[in-house]
Undergrad: 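Below: one structure in structure tokens.
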Amino acid sequence: MTSRISGFHKLDQKERLRTLSLSERAAQQLSATGVSFGELAEHMVENAIGTMPIPLGVATNVRVDGEDVLVPMATEESSVVAAVCNSARQCYEADGVTTEATDPLMIAQIQILDLQDPFVAKSGVLAKKREIKALCDELDPILVKLGGGLEDVEARVIDSDRGAMLVVHIVVNVLDAMGANAVNTMAEALAPKLAAWTGGRTLLRILSNLADKRLVKATVCFDPQAIGGDEVRERILDAAEFAWVDPYRAATHNKGIMNGISAVALATGNDTRALESGAHAFAARDGQYRALSRWHAGESGSLVGTLELPMAVGIVGGATKAHPIAQANLEIMKIETADRLARVIAAVGLLQNFGALKALATVGIQKGHMALHARNVAIAAGAEGNEIDLVADYLVSEGKVRQDIAETKLNELRA
Ligand code: NAD
């Protein structure tokens, strides 16, 4: 086996698959995925050999800012969609989730080195805000025409082991785009000017995924009766506090939130990695990595949760417009602005968080999770058609969701 395949990119998908010397089954699977999306995949990435189908589910019962919304979620993990439906049902009568959002402001950074006096350079750059705005806005007339464009310029002097550097931030209203390409283009074009004005050497010119000027805050209030009473609320509060004070717990707590966020982001063709790096960096903003959500007891014994995080998502640009399924998913949600998409995604993250906290603090996560996971285990053991449910039900009833047991049961059934 060699990874040096000269001219791989010049082959078509069928030829690429032949070059990989796969088993007939694997080759067939991959070429089947290529049939409907082959050409699109070819345009989206290099050396495409097919597509990777991920289940797409729809979360029901969700209500955000007084409006019901059906939420498509693309995820390979069992129980993620079910958990959102279940959590959303428990707050539906209390009007679901409400949100607040900042303007969609993205930051791009320009790093400037070798400065004689970085503080003088900083003042010089800040004095040029008007020129910087003109230069950046000129690069994206569509964005400016629609009401976006450069909003602010910031600069910081940062000490480092390789000397002081000046870091300039351009802050751009990117409207309905995720905005990475938009701000990167501006940062790259601005860099030579900054070098000339400061006498320094510019190096990196790229957006920051810590999009902390593009925040969404989601809030939910559960009636104690709807969630199983006061004891459940108290257990959830103890569980949530654990994630606030302990990074080991916070990492898993936030992973649960991202189960929901990344699934909606993927379903709408958004950049899941950008959201995840932004969320985790934001979770560590006070120096300790903490829970992204906070929970407290509200009036009349209610349970109130809030989730605040950066939300760099778009409905134009990147893959969002090019991918027909992403477009269909926006249609399911009846979403026409990136602002509404950001709010719905944050709401889903908070509902997902509630679902995980409640399960963990009461019956444990495995009960619900394993019932769904049992089907995956049955499939992995070779079960097909109605064998899948028979084997999965058996695994759950035995309380042992294991592949070896699934294989034994399958052999028994077939015998
Ligand atoms: P883009 O450049 O494809 O589209 C944005 C452009 O669309 C704007 O510049 C504007 O000219 C135009 N536009 C039309 N109607 C608009 C509207 N209503 N609102 C806003 N803009 C409108 O895409 P983008 O959003 O700038 O970049 C997103 C892509 O960049 C994603 O695919 C992402 O994966 C990728 N990316 C990410 C990173 C990172 O996160 N670190 C780095 C580089 C690239």
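Values reported hereafter were calculated over all heavy atoms of this structure, with side chains retained and with hydrogens, waters and symmetry mates removed. Order of appearance sets the numbers: ligands from 1, and atoms from 1 within every ligand.
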Undergrad: For Asp137 and Leu150, indicate whether the former's side chain and the latter's backbone hold a donor-acceptor pair under 3.5 Å.
TA: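 Looks like yes, one N/O pair under 3.5 Å.
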Undergrad: Just checking Arg375: does its CZ atom have more than 12 heavy atoms from other residues, nucleotides or ligands closer to it than 6.0 angstrom?
TA: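 Counting neighbours around CZ of Arg375, 12 or fewer heavy atoms of other residues, nucleotides or ligands fall under 6.0 Å, so no.
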Undergrad: Going by the atom numbers of ligand 1, which of them fall below 4.0 Å from some non-hydrogen atom of Asp271?
TA: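 Every atom of ligand 1 under 4.0 Å from some heavy atom of Asp271: 33 (C), 34 (O), 37 (C), 40 (O).
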Undergrad: I need the atoms of ligand 1 closer than 4.0 Å to a non-hydrogen atom of Ala182, numbered in the order shown.
TA: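 Near Ala182, the atoms of ligand 1 are 9 (O), 26 (O).
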Undergrad: Surrounding CD of Glu336 (heavy atoms of other residues, nucleotides or ligands, distance under 6.0 Å), is the total greater than 12?
TA: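 Result for CD/Glu336: open.
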Undergrad: List ligand 1 atoms under 4.0 Å from Asn184, heavy atoms only on the residue side.
TA: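 With Asn184 as reference, the close atoms of ligand 1 come out as 42 (C), 43 (C).
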Undergrad: Hey, which atoms in ligand 1 end up nearer than 4.0 Å to a heavy atom of Leu143?
TA: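 Matching atoms, with element in brackets: 20 (C), 21 (N).
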Undergrad: Numbering the atoms of ligand 1 from 1, which are under 4.0 Å from a heavy atom of Leu207?
TA: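 So the answer, numbered in order with elements, is 38 (C), 39 (C), 40 (O), 41 (N), 42 (C).
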Undergrad: Decide whether the shortest distance between a heavy atom of Gly148 and an atom of ligand 1 is less than 4.0 Å.
TA: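 No; Gly148 lies far enough from ligand 1 that no heavy-atom distance drops under 4.0 Å.
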Undergrad: Parallel, tilted or perpendicular, judged at 30° and 60°: which one describes the rings of Phe222 and Phe354?
TA: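 Geometry flag for Phe354 against Phe222: parallel rings.
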Undergrad: Among all protein non-hydrogen atoms, which one is nearest to atom 31 (C) of ligand 1, and what is the separation to 0.1 Å?
TA: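 Among all protein heavy atoms, the one nearest atom 31 (C) of ligand 1 is Gly318 CA, 4.0 Å.
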Undergrad: Could you walk me through whether Thr320 and Thr268 satisfy the side chain to side chain contact (heavy atoms under 4.5 Å, CB included) test, starting with their C-alpha distance in whole Å, then the side-chain angles of each, then the deciding distance to 0.1 Å, before giving a yes or no?
TA: CA-CA 6 Å; Thr320 58; Thr268 52; 5.7 Å; no
Undergrad: To which protein heavy atom is atom 20 (C) of ligand 1 closest, and what is the distance rounded to 0.1 Å?
TA: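 The closest heavy atom on the protein side is Val174 O, 3.1 Å.
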Undergrad: Can we say Glu154 and Lys213 salt-bridge, meaning some charged N sits less than 4.0 Å from an Asp/Glu carboxylate O?
TA: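 Result for this pair is yes, salt bridge flagged.
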Undergrad: Should we say atom NZ of Lys193 is surrounded by more than 12 heavy atoms from elsewhere, each under 6.0 Å from it?
TA: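 No, NZ of Lys193 has 12 or fewer neighbouring heavy atoms, counting only those of other groups under 6.0 Å.
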Undergrad: Quick test: of every protein heavy atom, which one is nearest to atom 14 (C) of ligand 1, and how far off is it to 0.1 Å?
TA: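 Minimum-distance protein heavy atom for atom 14 (C) of ligand 1 reads Ile142 CG2, 3.7 Å.
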Undergrad: Can you tell me which residue and heavy atom of the protein come closest to atom 37 (C) of ligand 1, and the distance to 0.1 Å?
TA: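 It is Ala180 CB, 3.3 Å.
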Undergrad: Decide if atom CD of Glu15 counts as having more than 12 heavy atoms of other residues, nucleotides or ligands within a radius under 6.0 Å.
TA: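 Yes - once you tally the heavy atoms of other residues, nucleotides and ligands closer than 6.0 Å, there are more than 12.
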Undergrad: My understanding is that we take every heavy atom of each candidate and find the minimum distance to atom 16 (C) of ligand 1. Doing that for Thr272, Leu175, Asn181, Leu146, which one comes out nearest?
TA: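 Result: the heavy atom closest to atom 16 (C) of ligand 1 is in Leu146.
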Undergrad: Could you tell me, atom by atom, which parts of ligand 1 come under 4.0 Å of a heavy atom of Ala274?
TA: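 Those of ligand 1 that fall under 4.0 Å from Ala274 are 40 (O).
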Undergrad: For ligand 1, indicate whether the residue Asp176 contacts it via side chain, backbone, both or neither (heavy-atom separation under 4.0 Å).
TA: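 Answer for Asp176: both.
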Undergrad: State, to 0.1 Å, how close Val64 and Arg343 come at their nearest heavy-atom pair, and which atoms those are.
TA: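 For Val64 and Arg343, the tightest heavy-atom pair comes out as CG1-O, 4.2 Å.
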Undergrad: I need the single residue from Val71, Leu307, Ile261 that forms a side chain to side chain contact (heavy atoms under 4.5 Å, CB included) with Val348. Which is it?
TA: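 The side chain to side chain contact (heavy atoms under 4.5 Å, CB included) with Val348 is passed solely by Val71 among Val71, Leu307, Ile261.
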Undergrad: List the closest protein heavy-atom neighbour of atom 28 (C) of ligand 1: residue, atom name, distance to the nearest 0.1 Å.
TA: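 Ranked first by proximity to atom 28 (C) of ligand 1 is Met178 SD, 3.9 Å.
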Undergrad: Suppose I only count heavy atoms of Asn209 and a 4.0 Å limit; which atoms of ligand 1 are within that range?
TA: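 Here the atoms of ligand 1 in question are 39 (C), 40 (O), 41 (N).
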Undergrad: In terms of heavy-atom contacts, does CD of Glu131 have more than 12 from other residues, nucleotides or ligands at under 6.0 Å?
TA: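 Enclosed.
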Undergrad: Going by the order shown, which atoms of ligand 1 are within less than 4.0 Å of some heavy atom of Gly317?
TA: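 By the 4.0 Å cutoff, the relevant atoms are 1 (P), 3 (O), 4 (O), 23 (O).
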Undergrad: How close does the nearest protein non-hydrogen atom get to atom 9 (O) of ligand 1, and which residue and atom is it?
TA: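 Going atom by atom, the protein heavy atom closest to atom 9 (O) of ligand 1 ends up being Asp140 OD2, 2.4 Å.
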Undergrad: Of all the non-hydrogen atoms in the protein, which one sits nearest to atom 22 (C) of ligand 1, and at what distance?
TA: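 Going by distance alone, atom 22 (C) of ligand 1 is nearest to Val316 CG2, 3.7 Å.
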Undergrad: Heavy-atom contacts under 4.0 Å between Thr185 and ligand 1: side chain, backbone, both, or neither?
TA: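 Under 4.0 Å from ligand 1, Thr185 contributes no heavy atoms.
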Undergrad: At what distance is the nearest protein heavy atom to atom 25 (O) of ligand 1, and which residue and atom is it?
TA: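 So the nearest neighbour among protein heavy atoms is Gly179 N, 2.6 Å.
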Undergrad: How close do Arg16 and Leu11 get, counting heavy atoms only, and between which atoms?
TA: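 Distance-wise, the nearest heavy atoms are NH2-O, 3.0 Å.
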